[in-house]
Amino acid sequence: MKSLEELMAIKAKMQDKVALRTSSGTTRIVVGMATCGIAAGARPVLNAFVEGISEAGLSDSVMVTQTGCIGICQYEPVVEVYTKDAEKVTYVKMTADRAKEIIEKHIKGGKVVTEYTIGAAKK
Amino acid sequence: MEELSLYVLDITMNSVRAGATEISVELREHGRWLDFTVSDNGCGMTEEQLSRLENPFFTTRKTRKVGLGIPFLKMLAEMTEGYVKISSVHESVSADHGTVTMARFGKDHIDFIPLGDMVETVKTLIQGSPDINFVFRHITERGEVMLSCAEIRAVLGDIPLNQPEILLWIGENLKEQYEAINNA
């Protein structure tokens, strides 16, 4: 059983890491989680980002957060990526597979996946 | 929405946005019924807001003009011979403010939808609001699944609950509890 003792062991291992994480987050991935986002499939998208960032060992520099409706419901699930130096990138009609691709190409590789951006969808 | 657990996520987000610090999410299965209740200590609603709640063209948000959360819930509940009941005390009325949303669904009704992944719903709520004291309870005739964020926080001290290692533990813990009642 995943006991509270086990949780204590995880805590002991994490203590130093957390201070680092809260101070050095430079990239933010924001997933829209209002009714429109949830109905369009935002939950698995959020989960794919949370797990993918952790698996990639990027938890120290990348934060995954949630937000409400940003007013472009027809494009949900919507994900915004804020990086330190570049302009905000808005990805639309997201899926868990697209999330993995964005972690690989954009978050790790620094290259925006243009075909999934709102600019491409509006054309 | 294809899973009841997504409705649970959506409705509980209302409590999050109401500024609640304590939110109880309970599923109770008895006979043919599944009752879903969210109670919070958030800002509550005025009587005027309450009376307009079921109108999809009413919302307090500024980004769009429709609010579909409660109308969706009510539609699904009534389609399965259930109902939705909401009571609320606005913060201007009493220090003991908050909202209770209760929905009943007929599990054996042809329009009932699968419960889906409650573990993901609970993880998503905690990921988004690591400082809220969520209490999740799923009571069935074969046993009970329970998770309390306050209990977890008592062990973790100042480590936020939305750290990936902690969310993983939460997910595994809930899955094991579900397996235990499914095998009972």
Side-chain angles (χ1 to χ4, degrees), chain A residues 1-22 29-60 62-74 76 78 96, chain B residues 1-3 5-14 16-17 56 59 61-73 116-117 119-121 123-125 127-130 151-160 162-177 179-180:
Chain A
M1 196 73 191
K2 297 281 162 189
S3 61
L4 289 176
E5 284 74 37
E6 206 183 305
L7 193 61
M8 256 180 254
I10 296 173
K11 177 195 175 182
K13 270 191 259 169
M14 285 186 63
Q15 213 102 52
D16 307 330
K17 275 195 212 167
V18 173
L20 200 74
R21 277 180 199 170
T22 41
I29 300 171
V30 183
V31 184
M33 293 293 296
T35 307
C36 47
I38 293 169
R43 194 182 67 181
V45 172
L46 176 84
N47 189 36
F49 275 115
V50 170
E51 285 182 1
I53 292 299
S54 172
E55 279 162 18
L58 294 172
S59 301
D60 293 349
V62 182
M63 247 171 65
V64 183
T65 61
Q66 303 177 21
T67 188
C69 172
I70 60 166
I72 46 168
C73 310
Q74 68 274 36
E76 294 283 355
V78 172
Chain B
M1 290 186 244
E2 289 149 10
E3 296 178 12
S5 67
L6 292 176
Y7 288 78
V8 174
L9 176 60
D10 184 36
I11 297 302
T12 309
M13 286 291 190
N14 291 341
V16 172
R17 280 189 287 266
T59 178
R61 82 177 73 238
K62 302 281 191 299
T63 52
R64 60 170 138 84
K65 292 189 176 112
V66 290
L68 287 171
I70 294 292
F72 273 169
L73 184 75
D117 199 336
V119 175
E120 275 308 308
T121 281
K123 276 171 71 184
T124 302
L125 287 167
Q127 200 275 337
S129 312
E151 263 175 34
I152 297 171
R153 200 168 292 111
V155 174
L156 289 180
D158 51 12
I159 296 179
N162 60 355
Q163 298 297 311
E165 293 90 339
I166 309 300
L167 290 172
L168 196 68
W169 181 90
I170 289 170
E172 295 296 315
N173 177 285
L174 285 171
K175 272 181 212 155
E176 284 182 7
Q177 291 192 54
E179 272 162 33

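Numbers restart at 1 for each chain; the letters A, B, ... are given by sequence-line order, proteins then strands.
Neither the backbone nor the side chain of B:Lys175 comes within less than 4.5 Å of any heavy atom of chain A. Both the backbone and the side chain of B:Asp117 come within less than 4.5 Å of a heavy atom of chain A. With a threshold of 4.5 angstrom between heavy atoms, B:Leu168 does not approach chain A through any atom at all. In this structure, no portion of B:Tyr7 lies under 4.5 Å from any heavy atom of chain A. Neither the backbone nor the side chain of B:Ser129 comes within contact range of chain A; no heavy atom of the residue lies under 4.5 Å from a heavy atom of that chain. Using a 4.5 Å cut-off between heavy atoms, A:Ile10 touches chain B through its side chain atoms alone. Proximity to chain A is absent for every atom of B:Glu179, based on heavy atoms less than 4.5 angstrom apart. Contacts between A:Leu46 and chain B at a heavy-atom distance below 4.5 Å involve the side chain alone, from C-beta outward. Both the backbone and the side chain of A:Val64 come within contact range of chain B, with heavy atoms under 4.5 Å apart.
Of the possible donor and acceptor atoms, one in the side chain of B:Thr124 sits under 3.5 Å from a partner among the backbone N and O of B:Glu120. Judged by distance alone, with hydrogens and angles left aside, the side-chain atoms of B:Trp169 form a donor-acceptor pair with the main-chain N or O of A:Ser3 at under 3.5 Å.
Here the straight-line distance linking atom OG1 of A:Thr65 with atom CE of A:Met33 works out to 11.5 Å at 0.5 Å rounding. Considering CZ of B:Arg153 and CD1 of B:Ile166, their distance stands at 11.5 Å, rounded to 0.5 Å.
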* Does the side chain to side chain contact (heavy atoms under 4.5 Å, CB included) test come out yes or no for B:Val119 and B:Ile170, once each step is laid out? -> CA-CA 9 Å; B:Val119 175; B:Ile170 289 170; over 6 Å; no
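At least one side-chain heavy atom of A:Arg43 sits less than 4.5 Å from a side-chain heavy atom of B:Ser5. At a threshold of 4.5 Å between non-hydrogen side-chain atoms, the residues A:Ile53 and A:Met63 do not count as touching.
Interface summary for chain A: among B:Met13, B:Gln127, B:Glu151, B:Glu172, the most heavy-atom pairs under 4.5 angstrom belong to B:Gln127.
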